[in-house]
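Structure, as structure tokens:
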Amino acid sequence: MTNNVRVRFAPSPTGHLHIGGARTALFNYLFARHHRGTFILRIEDTDQERSTKEFLESILKGMEWLGMEWDEGPFHQFERLAVYREHVEKLLKAGKAYRCYCTPEELEVKRKALLAAGGKPKYDGKCRTGDRGLRTTERKPSCIRFKTPQEGLVEFNDICRGRIVTDRKELDDMIILRTDGTPTYNLTVVVDDVTMKITHVIRGDDHLNNTPRQIQLYEALGFAVPQFAHLPMIHGSDKKKLSKRHGAVSVVEYQEQGFLPEAMLNYLARLGWSSGDQEIFTKKELIEKFDLNAVGKSPSIFDIGKCTWVNSQHLAKLSERELVEKTKPYLKGLGLKVEDAEYAAKALHSERERGKTLKELAEISAFYFRDEVVWDEKAKAKWLDEKGKKHLKPLLEKFQALSRWNEEEIKQSFAAAQQELGIQKMLDLAQPLRTALTGTTVSPGIFEVLVILGKERVLKRLGKALV
RNA sequence: GCUCCCUUCGUCUAGUGGCCUAGGACAUCGCCCUCUCACGGCGAAGACACGGAUUCGACUUCCGUAGGGAGCACCA
């Protein structure tokens, strides 16, 4: 199973690339790379009503951001209509498909009746018999149905689920070509997977029930059946299907929130899959260790909290240079510009373990880059009161007098001021200073901040705080 | 309604008949570190859905029940 592995991710452009889709894409991607196979991107856009260019672009953008490069495609089903018709024709000639003249209204009535009677709303096969099968000259509108074999069982061995058995009687004659001449999903997916020589169909388990139908199509068309792997779904925090509120948003939104693509990949991979006790994986490790057999069966819930933690772990591995480059856009979003890369590196480094996302990091580091301190009113009221200002004044004078601006000198000045002022706890001098310099009560170590900001900024900010 | 699938701490998971007094991670709580907040360290709490059967022995096998999910479209 090396080298000739061919898998595909086949989204339909009727929505964004969301967490669930991205995870499916990822497992296909990892499987392909692990086996040095081929990863194909196919766009399932036969439903022209609901497919849009915007969604297509969104999907492509998401794939790109996550770094799941594909080897072939994107292929568009809409451009392959002739291929599907050819196969439908083949089935028709072989007597394995037939024209159906039932109207949607008629079918709807029957479906409701069956459902009301407590049964399964299967097609009753009204047009199945008779000699009208090949009479294409018939003027009445018609679609094409697959003549589903009704005897025996369909079985297959799912890589994730094991043996799945279905009674053929449960399956009805599905429509494979619509009245308007466009093919439906179950037909296109089979024809495409065959013509694209897909060896492993890895998809969400919402397709588990479709698989027996598709297998019958493979059989009727005389094609070899690929291997299947049905992945458990990802649910929202209410254990229900993913919806807009919890995770069905575009993955690109996570980029905006300051998540690293490699962290996203890492977290997504751990949803339904694991490798011992390991939590943090590089992309390379993911490719090395990924194994479809280790994929679980039960659905999982997307937990933004853990995803954020994984992100913080990857953030910690970034070099200072990468950190600056990756945080820049978020600083820009705050209207801040990085002018001095070295200064930015020190500034961001000092805050890096406090920010779990790039966006957060930019926000808490913003004070380094602003010309004017933005005050947190509560902090100002508490620490920059008359007492605070009184304490800060001698400190400012000591700082002014320093000829060398390094941690050692600064500490000495600070300690001297503290002693002269008779302040017992360092806190009582550190917090007013911190507030004066950063505008808040939370920041990296005060001496670190002092050194990074530099004498000029410190004196300026202290001066303003004392007004 | 019918058919199929799923079920270990709140969440992600380890566990493939004795290694389980059920392990790890996130989150939570406590303590330590400490100039704030984090990081880090230590610790606590917290789960095998339920009922039968098989077995010397079941988280692990089988059968039911309950709960959840999916499919039953001229959607994919």
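Nothing here was measured: the structure is a model prediction, and the numbers come from that model. Sequence lines set the chain letters: A, B, ... in the order given, protein chains first and strands last, and positions in each chain run from 1.
- As judged by a 4.0 angstrom heavy-atom cut-off over every strand, A:G305 is placed among residues touching the sugar-phosphate backbone only.
- Checked by distance alone, A:T184 brings no side-chain donor or acceptor within 3.5 Å of a matching partner on the base of B:rC74.
- For the P atoms, the distance from B:rA45 to B:rG40 is 22 Å, rounded to whole Å.
- If you check B:rA14 for Watson-Crick or wobble pairing at under 3.5 angstrom, you find it has no partner at all.
- Atom-to-atom, CZ of A:R270 to P of B:rU11 comes out at 15 Å; the value is rounded to the nearest Å.
- Annotation: side chain to side chain donor-acceptor pair (under 3.5 Å) contacts of A:S12 (sequence neighbours excluded): A:T14.
- Nearest-nucleotide assignment on RNA chain B puts the 5′-proximal partner with A:R23, out of A:D45 and A:R23.
- Distance, A:E106 CD to B:rC74 P: 13 Å, rounded to whole Å.
- For A:C143, taking side-chain heavy atoms from C-beta onward, the closest of the listed nucleotides B:rC74, B:rC26, B:rA73 is B:rC74.
- Partner assigned to B:rC9 is none, using Watson-Crick or G-U wobble distances below 3.5 angstrom.
- Summary of the strand contacts: A:N209 and A:D303 both lie near RNA chain B, and taking for each the nucleotide with the nearest heavy atom, the more 5' one is attributed to A:D303.
- For A:R168, the salt bridge (charged side-chain N to carboxylate O under 4.0 Å, His left out) partners are A:E219, not counting sequence neighbours.
- Listed by chain and number, the residues in a side chain to side chain donor-acceptor pair (under 3.5 Å) with A:D124 are A:K110 (sequence neighbours excluded).
- Taking atom C1' on both B:rC39 and B:rC33, the two are 11 Å apart, rounded to the nearest angstrom.
- Judged as a side chain to side chain contact (heavy atoms under 4.5 Å, CB included), and not counting sequence neighbours, the contacts of A:K346 are A:E342, A:I452.
- A:S300 and A:R23 share no side-chain donor-acceptor pair at under 3.5 Å.
- A donor and an acceptor atom sit less than 3.5 Å apart, one in the side chain of A:E279 and one in the base of B:rG24.
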Starting from the C-alpha separation in whole Å, work towards a yes-or-no answer on ring-ring contact (aromatic ring centres under 6.0 Å, His included) for A:F290 and A:F27.
CA-CA 8 Å; A:F290 185 72; A:F27 281 18; 4.9 Å; yes
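- B:rG30: Watson-Crick or G-U partner is B:rC42, with both key distances under 3.5 Å.
- Between A:Y185 and A:H207, the two ring planes are tilted [angle within 30° to 60°].
- Comparing the same atom, C1', in B:rC62 and in B:rC9 gives a spacing of 27 Å after rounding to whole Å.
- With P as the reference atom, B:rG52 and B:rC59 are 13 Å apart, rounded to whole Å.
- In this structure, A:F156 atom CZ and B:rC4 atom P are separated by 13 Å, rounded to whole Å.
- Contact annotation: A:T46 reaches the phosphate of B:rA76 (side-chain N/O to OP1 or OP2, under 4.0 Å).
- For the side chain to side chain donor-acceptor pair (under 3.5 Å) test, residues two or more places apart in sequence or in another chain that qualify with A:K283 are A:Y29.
- One side chain, A:T148 or A:D173, offers a donor N or O that lies under 3.5 Å from an acceptor on the other.
- Remark: aromatic rings of A:F281 and A:H314 are distant, center separation not under 6.0 Å.
- Using a 4.0 Å heavy-atom criterion, one finds that A:L427 contacts the sugar-phosphate atoms exclusively.
- Both tests pass for A:K411 against the ring of A:F447: distance under 6.0 Å to the centre and angle within 45° of the axis.
- In this structure, A:S300 does not reach the B:rU11 phosphate: none of its side-chain N or O atoms is under 4.0 Å from OP1 or OP2.
- Using atom P as the reference point in both B:rG17 and B:rC32, the two lie 46 Å apart (nearest Å).
- Using a 4.0 Å heavy-atom distance criterion, A:C102 is classed as a base contact.
- Residues satisfying the salt bridge (charged side-chain N to carboxylate O under 4.0 Å, His left out) criterion with A:E285, sequence neighbours excluded, are absent altogether.
- For the pair A:L450 CG and B:rU36 C1', the interatomic distance rounds to 14 Å; values are reported in whole Å.
- A:R80 has a carboxylate O that lies under 4.0 Å from a charged side-chain N of A:D192, or vice versa, which qualifies the two as a salt bridge.
- With both pairing distances under 3.5 Å, B:rU3 is matched to B:rA70 as a Watson-Crick or G-U wobble pair.
- Taking atom C1' on both nucleotides, B:rU55 is separated from B:rC63 by 16 Å, rounded to a whole Å.
- Across the protein-nucleic acid pair, A:Q424 atom CD and B:rC35 atom P stand 14 Å apart, rounded to whole Å.
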Using the 3.5 Å cut-off, write out each protein N or O paired with an N or O of nucleotides 5-7 of chain B and the distance between them.
unit_1: B:rC5; atom_1: O2'; unit_2: A:R161; atom_2: NH1; d: 2.2

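- Taking the ring centre of A:Y123 as origin, the terminal cationic atom of A:R145 falls inside the region bounded by 6.0 Å and 45° from the ring axis.
- Using a cut-off of 4.0 Å between Lys/Arg side-chain N and Asp/Glu carboxylate O, A:E262 and A:K317 are scored as not salt-bridged.
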Hey, what are the protein-to-nucleotides 37-40 of chain B N/O distances that come in under 3.5 Å?
unit_1: B:rC37; atom_1: O2; unit_2: A:R354; atom_2: NH1; d: 2.5
unit_1: B:rC37; atom_1: N3; unit_2: A:R354; atom_2: NH1; d: 2.6
unit_1: B:rA38; atom_1: O2'; unit_2: A:E353; atom_2: O; d: 2.6
unit_1: B:rA38; atom_1: N3; unit_2: A:E353; atom_2: OE2; d: 3.4

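- For the C1' atoms, the distance linking B:rA58 with B:rG15 amounts to 13 Å, nearest Å.
- For residues 428-455 of chain A, no residue pair satisfies the salt bridge (charged side-chain N to carboxylate O under 4.0 Å, His left out) rule, not counting sequence neighbours.
- Of the residues in residues 429-440 of chain A, those lying under 4.0 Å from RNA chain B by heavy-atom distance are A:A430, A:Q431, A:R434.
- In this structure, A:R352 reaches neither bases nor backbone, as no heavy-atom distance under 4.0 Å exists between it and the strands shown.
- Not counting sequence neighbours, the partners of A:F55 by the side chain to side chain contact (heavy atoms under 4.5 Å, CB included) test are A:P13, A:H16, A:T52.
- Taking atom C1' on both nucleotides, B:rA49 is separated from B:rU8 by 10 Å, rounded to a whole Å.
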Filtered N/O pairs between nucleotides 14-16 of chain B and protein, under 3.5 Å:
unit_1: B:rA14; atom_1: OP1; unit_2: A:S274; atom_2: OG; d: 3.3

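- Protein atom NE2 of A:H230 is 12 Å distant from nucleotide atom P of B:rG71, rounded to whole Å.
- When heavy atoms are screened at a 4.0 angstrom cut-off, A:I446 is found touching base atoms of the nucleic acid.
- If you measure from atom CG of A:N210 to atom C1' of B:rU3, you get 13 Å, rounded to the nearest angstrom.
- With a 3.5 Å ceiling on both atom-pair distances, the Watson-Crick or G-U wobble partner of B:rC50 is B:rG64.
- A:D206 comes within contact range of the sugar-phosphate backbone alone, with a heavy-atom separation under 4.0 Å but no base atom that close.
- In this structure, the CD1 atom of A:I175 is 4 Å from the P atom of B:rC74, given to the nearest Å.
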